[in-house]
Amino acid sequence: MSRLSGYLNRTSRIFRDNASRILRMEGADEPSRAPKFLYNFNKPEDIADFATGCDADVGGTSTVHFEFDESTAKPSNTTESKTSLHEITVNRPTGKFWGEMRLGVRPGLEGQIRGGYAGFRSKPRPTLFGELTEDVSNHEYLALRVRALGHPRTRNSYFVNLQTDGPITTDLWQHRLFFRRDDGGWEDVFIPFKDFVLTNAGELVPHQVQMYRERIRTIGISLLGGNSGVEGSYELGIDSISAVNVEDVADTSALEKVPTEGTQWQRSPVL
């Protein structure tokens with residue numbers, strides 16, 4: 001899809017959505033709590049809607065890739081029984097975020113920059129009516145269908161990043177991405193929107209405010225090896241991102257917090 005086609009399609013979406021709200025006299029009824037799909041990663045064009053970056057952009061030595069993975073599109077075996085309570089079956093192409101996490105920097109830059117990060121995020125979506133954003137104010141959880149592969153050391157250093165339509169463009173809302181499985185299988189992870197913390201330039205903002213959930217600009221995931229002193233190969237599979245409420249969660253035990261040292265943003269090094 002060309003940039004112009006994408007631009008026109010997003011503009012058409014805003015026009016259709018607004019016209020539909022008017023025709024349905026939306027606003028007189030209770031706000032919808034139905035699950036809201038934000039991003040799928042099942043087509044090549046879905047992957048093209050995301051940008052990547054890592055410390056190598058400023059002199060580090062990590063690598064980053066975000067690719068369309070067709071190896072996950074395999075027929076389901078209905079005779080297989082689930083080996084884990086949290087096991088999810090995915091039988092379609094997905095996204096694959098992978099690379100090598102390194103803490104070193106290029107010669108001559110020692111002590112000047114910090115290595116150890118890589119990430120991907122959705123690209124801004126301009127339209128004729130302004131930028132397309134997502135309203136998740138009627139939903140309690142951000143839901144991600146993911147799987148953690150790569151070196152086990154890297155699996156405790158993933159973070160989910162949300163950018164809202166606020167005045168400070170370097171502000172990011174972050175929460176650690178907790179995995180309940182350690183066998184590389186698919187699982188649904190639910191993060192309460194209220195538990196995200198506000199950061200800026202990689203540091204926790206001292207005075208926390210409430211997230212402006214009516215206008216989410218971008219969503220992404222980063223691996224922060226520099227925060228925990230972690231190096232090694234990393235790989236994260238991702239199938240979808242959505243906004244849901246507690247009544248949409250079949251296995252409510254998945255909503256339980258995974259025990260960890262420190263807060264959801266700060267933690268001890270993983271050795």
Correct closest heavy-atom pair for Y117 and M101 would be N-SD, 3.5 Å
- Item | Residues N40, R145; criterion side-chain hydrogen bond (donor to acceptor under 3.5 Å, both in side chains); working and verdict | CA-CA 10 Å; N40 287 317; R145 180 160 291 182; over 6 Å; no
Run the numbers on D135 and K36 for salt bridge (charged side-chain N to carboxylate O under 4.0 Å, His left out), then give the verdict. CA-CA 9 Å; D135 183 355; K36 183 171 187 174; 5.8 Å; no
**Q.** Donor-acceptor contact below 3.5 Å, side chain T199 vs main chain G202
**A.** no
Cluster link W98 to F120, ILVMFWY, side chain under 4.5 Å:
no
>> Less than 4.5 Å apart, side chain to side chain, heavy atoms only: is that true for L177 and F159?
In response: no
field: Min side-chain heavy-atom separation F178-N156 under 4.5 Å
entry: no
So Y234 and F97, would you call those rings parallel, tilted or perpendicular, with 30° and 60° as cut-offs?
tilted
Practice prompt. With salt bridge (charged side-chain N to carboxylate O under 4.0 Å, His left out) as the test, would you mind laying out the steps for R155 and E235 before giving the verdict?
Written response: CA-CA 9 Å; R155 298 178 190 175; E235 183 179 330; over 6 Å; no
Smallest heavy-atom separation, T164 atom then M211 atom, equals CG2-CG, 3.8 Å
The side chain to side chain contact (heavy atoms under 4.5 Å, CB included) partners of D171 (sequence neighbours excluded) come to I168, L198, N200
For K43, the side chain to side chain contact (heavy atoms under 4.5 Å, CB included) test, sequence neighbours excluded, returns E45, D46
Minimum side-chain heavy-atom gap P126-K123 below 4.5 Å:
no
**Asked** So, does Q208 use its side chain to make a donor-acceptor pair with the main chain of V197 at under 3.5 Å?
**Response** no
Is any side-chain heavy atom of I219 less than 4.5 Å from a side-chain heavy atom of Q163?
no
Inset, instruction - Mark yes or no for whether H175, through its side chain, and F193, through its backbone, hold a donor-acceptor pair below 3.5 Å. - result: no
Can you find a heavy atom in the side chain of V146 that is under 4.5 Å from one in the side chain of D239?
no
Heavy-atom closest pair (A118 atom, T63 atom, distance to 0.1 Å) is CB-O, 4.3 Å
Aromatic ring pairing F41/Y39, orientation class (parallel under 30°, perpendicular over 60°, tilted between): tilted
Counting N and O atoms only, with roles assigned by atom type, does the side chain of R181 sit under 3.5 Å from a partner on the main chain of W186, one being a donor and the other an acceptor?
yes
Nearest heavy-atom approach of V230 to S157 is CG2-OG, 4.0 Å
Any side-chain to backbone donor/acceptor pair from T72 onto R92? Under 3.5 Å, distance only. yes
T154 and E231 have their tightest heavy-atom pair at CG2-O, 4.3 Å
Worksheet entry | Heavy-atom donor-acceptor pair, N42 side chain to P93 backbone, under 3.5 Å | yes
Between S62 and A56, the two heavy atoms sitting closest are O-CB, 3.4 Å
**OP:** Check whether any side-chain heavy atom of F196 lies under 4.5 Å from a side-chain heavy atom of L142, and answer yes or no.
**Re:** yes
> Does the D55 side chain pair with the main chain of T61, one donor and one acceptor, at a distance under 3.5 Å?
Replying inline: yes
Are more than 12 heavy atoms from other residues, nucleotides or ligands located less than 6.0 Å from atom CD of E247?
-> yes
message: Determine whether Y141 and V246 satisfy the following criterion, side-chain contact (heavy atoms from CB on, under 4.5 Å), listing intermediate values before the conclusion.
response: CA-CA 8 Å; Y141 298 93; V246 65; 4.2 Å; yes
Could you walk me through whether S222 and N161 satisfy the side-chain hydrogen bond (donor to acceptor under 3.5 Å, both in side chains) test, starting with their C-alpha distance in whole Å, then the side-chain angles of each, then the deciding distance to 0.1 Å, before giving a yes or no? CA-CA 7 Å; S222 57; N161 310 309; 3.1 Å; yes
Review point. Can any side-chain N or O of R217 pair as donor or acceptor with the backbone N or O of L162 at less than 3.5 Å?
Key: no
Does a side-chain heavy-atom distance below 4.5 Å link N227 with R114? yes
